[in-house]
Number of protein chains: 2
Amino acid sequence: MTGARRDGDDPRLEAILTALCADGGRATVQRRIVVSALLAGPRHVTAEELAATVQARHPDIATSTIYRTLEALDRQGVVQHAHLGHGPAVYHLNDTDHLHLVCESCGHVIEVPGSAYEAFARLLAEDYGFRVAPHHFAVQGRCGACAAEPGLPQRGGAVGA
Amino acid sequence: MTGARRDGDDPRLEAILTALCADGGRATVQRRIVVSALLAGPRHVTAEELAATVQARHPDIATSTIYRTLEALDRQGVVQHAHLGHGPAVYHLNDTDHLHLVCESCGHVIEVPGSAYEAFARLLAEDYGFRVAPHHFAVQGRCGACAAEPGLPQRGGAVGA
DNA sequence: TTAGCTGCAAAAGGTTTGCAAATTA
DNA sequence: TAATTTGCAAACCTTTTGCAGCTAA
C-alpha cells in the first residue's frame with residue numbers, strides 16, 4: 001500500500017486513459033469507470049463479471065459498453081484476454097509476462113512466469129517458425145490437488161492400428 | 001491404403017461402436033453414420049462441419065444428434081476436442097500425441113508431435129504439480145508466414161510501475 | 001463541429017436441453 | 001421390457017451490431 005487513496009484513485013488510471021486517446025479515442029466517463037473497476041478488481045475477470053461490478057454502482061452503463069471498452073483496451077495493449085477452455089474469455093491487465101494453467105477438474109487458474117515457457121517457445125520458434133503469444137492461450141490439465149484424485153481417468157483409448 | 005473398401009467401411013468403426021456400448025450405450029444407425037463421417041473426413045472438424053457432411057447424405061439426422069454423439073465419443077475417449085481460440089471447438093480422433101499451434105493471424109493450425117512439449121510438460125509437473133492435457137488447448141501465436149508480415153505489432157504496453 | 005462513444009434492443013454464433021416418439025439391448 | 005437415443009424446437013450464453021442520440025476533443 002502506498003498510502004490512503006480514494007476509491008478509484010489509482011495512479012495507473014490516467015496512463016490508461018491517455019493510451020485510450022492515442023488513436024483519436026475519447027476518455028469518457030464510462031471508460032473511466034470501467035477502467036477503475038478493472039484496476040480495483042481481481043486479476044482475472046470476465047466481461048460479465050466486470051459488467052456486474054460496474055453496474056452495481058452505475059446501472060446506467062450498458063453491458064455493450066463494457067465489451068467495447070475492453071475491446072478498445074485490448075487493441076491498445078492495455079489488457080489482454082485469454083480463452084481458458086470452456087466458458088467466457090477472461091481479461092487482465094497486460095502487466096507481466098505469464099502463462100495460464102487451468103485445471104480441467106476444479107477450474108483453478110495458476111499463473112506461471114514467462115520463464116516457465118521460455119525454452120518451449122524457443123523450440124517452437126526454431127523448429128516450426130512459430131511465435132508464441134503466451135497470454136492468449138491457457139494450458140489445460142489437472143492441478144496438483146486434482147491430479148491426486150481418481151476422477152477423469154486419463155483414458156488412453158487410442159483408436160487405430 | 002489397405003485395399004478397396006466400400007464407403008464407411010473403416011476397420012476402426014466397429015471398435016468405436018463397441019466402445020460406445022461400453023457403459024450401456026447404444027450403437028444406433030445415426031451414431032454409425034456420424035462415426036463413419038468422422039473417420040472418413042479431415043483430421044480436425046467442428047461439430048457444424050461434421051453436421052454438414054453428415055446431413056448432405058442424411059438430412060434427417062439432427063444437428064443435436066451430432067453434438068450428442070461427439071459428446072459420447074469424447075466421454076469414451078474416442079475423440080477429443082480442443083478450443084483453438086475464438087470460434088467453435090474442433091474435434092479429432094484420439095490417435096496421436098500432439099499439440100495444436102494456431103496462427104492468430106491466418107487461422108492456420110499446425111500439429112506438432114508430443115516430443116515438442118515434453119520438456120515443457122515435465123517442467124510444469126515438477127515446478128507446479130500440474131499435469132498437462134495437451135490435446136485440450138492450443139498454443140496461440142503467429143505462424144512463420146504471418147510472423148514475417150507487419151500486422152499485429154506485438155505491443156509491449158505494460159501497465160504499472 | 002465532428003468524429004467517436006453510448007444505450008438500447010435485436011441478432012448472431014455455438015451449444016445445450018425438454019420432450020414425446022422411436023429404437024436398441 | 002426398460003433404458004437409451006432421436007428429432008424438433010426452443011432456450012441458452014457470450015458476444016457483436018445497427019442505429020439514433022449524446023459527448024469529448
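Order of the sequence lines sets the chain letters (A, B, ...), proteins ahead of strands, with each chain counted from 1. A quick note: this is a predicted structure, and the numbers were derived from the prediction, not measured.
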Original post:
Which sits closer to the 5' end of DNA chain C, B:Q30 or B:A47, going by the nucleotide each is nearest to?
Top reply: B:A47
Original post:
Would you call A:L38 and A:L70 a side-chain contact if the rule is heavy atoms closer than 4.5 Å?
Top reply: yes
Subject >> Partner set under side chain to side chain donor-acceptor pair (under 3.5 Å) for B:D60, not counting sequence neighbours >> reply: none
Original post:
Atom CD of B:E49 and atom C1' of C:dT15: how far apart are they, to the nearest Å?
Top reply: 15 Å
Original post:
Rounded to whole angstroms, how far apart are CD on B:Q55 and P on D:dG7?
Top reply: 9 Å
Original post:
Which part of the nucleic acid, if any, lies within contact of A:G87, taking any heavy atom under 4.0 Å across all strands shown: a base, the sugar-phosphate backbone alone, or nothing?
Top reply: nothing
Original post:
Which whole-number value in Å describes the distance from B:D60 CG to D:dA9 P?
Top reply: 14 Å
Original post:
Quick one: on DNA chain D, does B:D23 or A:A89 contact a more 5' nucleotide (nearest heavy atom)?
Top reply: B:D23
**OP:** Indicate for each nucleotide in nucleotides 19-25 of chain D, in 5' to 3' sequence, whether protein heavy atoms under 4.0 Å reach the base (B), only the sugar-phosphate (S), or nothing (-).
**Re:** -----BS
**OP:** Starting from P on C:dC5, measure out to CD on A:Q76 and report it in whole angstrom.
**Re:** 10 Å
Subject >> Min side-chain heavy-atom separation B:F120-B:L99 under 4.5 Å >> reply: no
**OP:** Indicate, with a heavy-atom threshold strictly under 4.0 Å, whether A:S64 touches base, sugar-phosphate, or nothing.
**Re:** base
Original post:
To the nearest angstrom, how far is A:H81 atom NE2 from D:dT15 atom P?
Top reply: 9 Å
**OP:** Would you kindly give the NE2-to-C1' distance between A:H86 and C:dG13, to the nearest whole Å?
**Re:** 16 Å
Original post:
Within the side chain of A:Q80, is there an N or O that forms a donor-acceptor pair under 3.5 Å with the backbone of A:H92?
Top reply: no
**OP:** Check the side chains of B:Y67 and B:E48 for a donor-acceptor pair under 3.5 angstrom, ignoring hydrogens and angles.
**Re:** yes
Original post:
For the pair made of CD1 in B:I33 and C1' in C:dT23, what is the distance, rounded to whole Å?
Top reply: 14 Å
**OP:** Please tell me which of B:P59 and B:G24 maps to the more 5' nucleotide of DNA chain D, matching each residue to the nucleotide holding its nearest heavy atom.
**Re:** B:G24
Original post:
Nearest-Å distance, CG (B:L70) to P (C:dT15)?
Top reply: 10 Å
**OP:** Verify the contact: side-chain N or O of A:Y67 to OP1 or OP2 of D:dT16, cut-off strictly under 4.0 Å; return yes or no.
**Re:** no
Original post:
Base, sugar-phosphate alone, or nothing: which one does A:E71 contact when heavy atoms must sit under 4.0 Å apart?
Top reply: nothing
**OP:** Tell me what A:T63 touches on the nucleic acid: a base, only sugar-phosphate, or nothing, going by heavy atoms under 4.0 Å.
**Re:** nothing
Subject >> Nearest atoms (heavy-atom pairs only) where B:T69 meets B:V34 >> reply: CG2-CG1, 3.8 Å
**OP:** On the 0 to 90° scale, with breaks at 30° and 60°, tag the A:H86-B:H83 ring pair as parallel, tilted or perpendicular.
**Re:** perpendicular
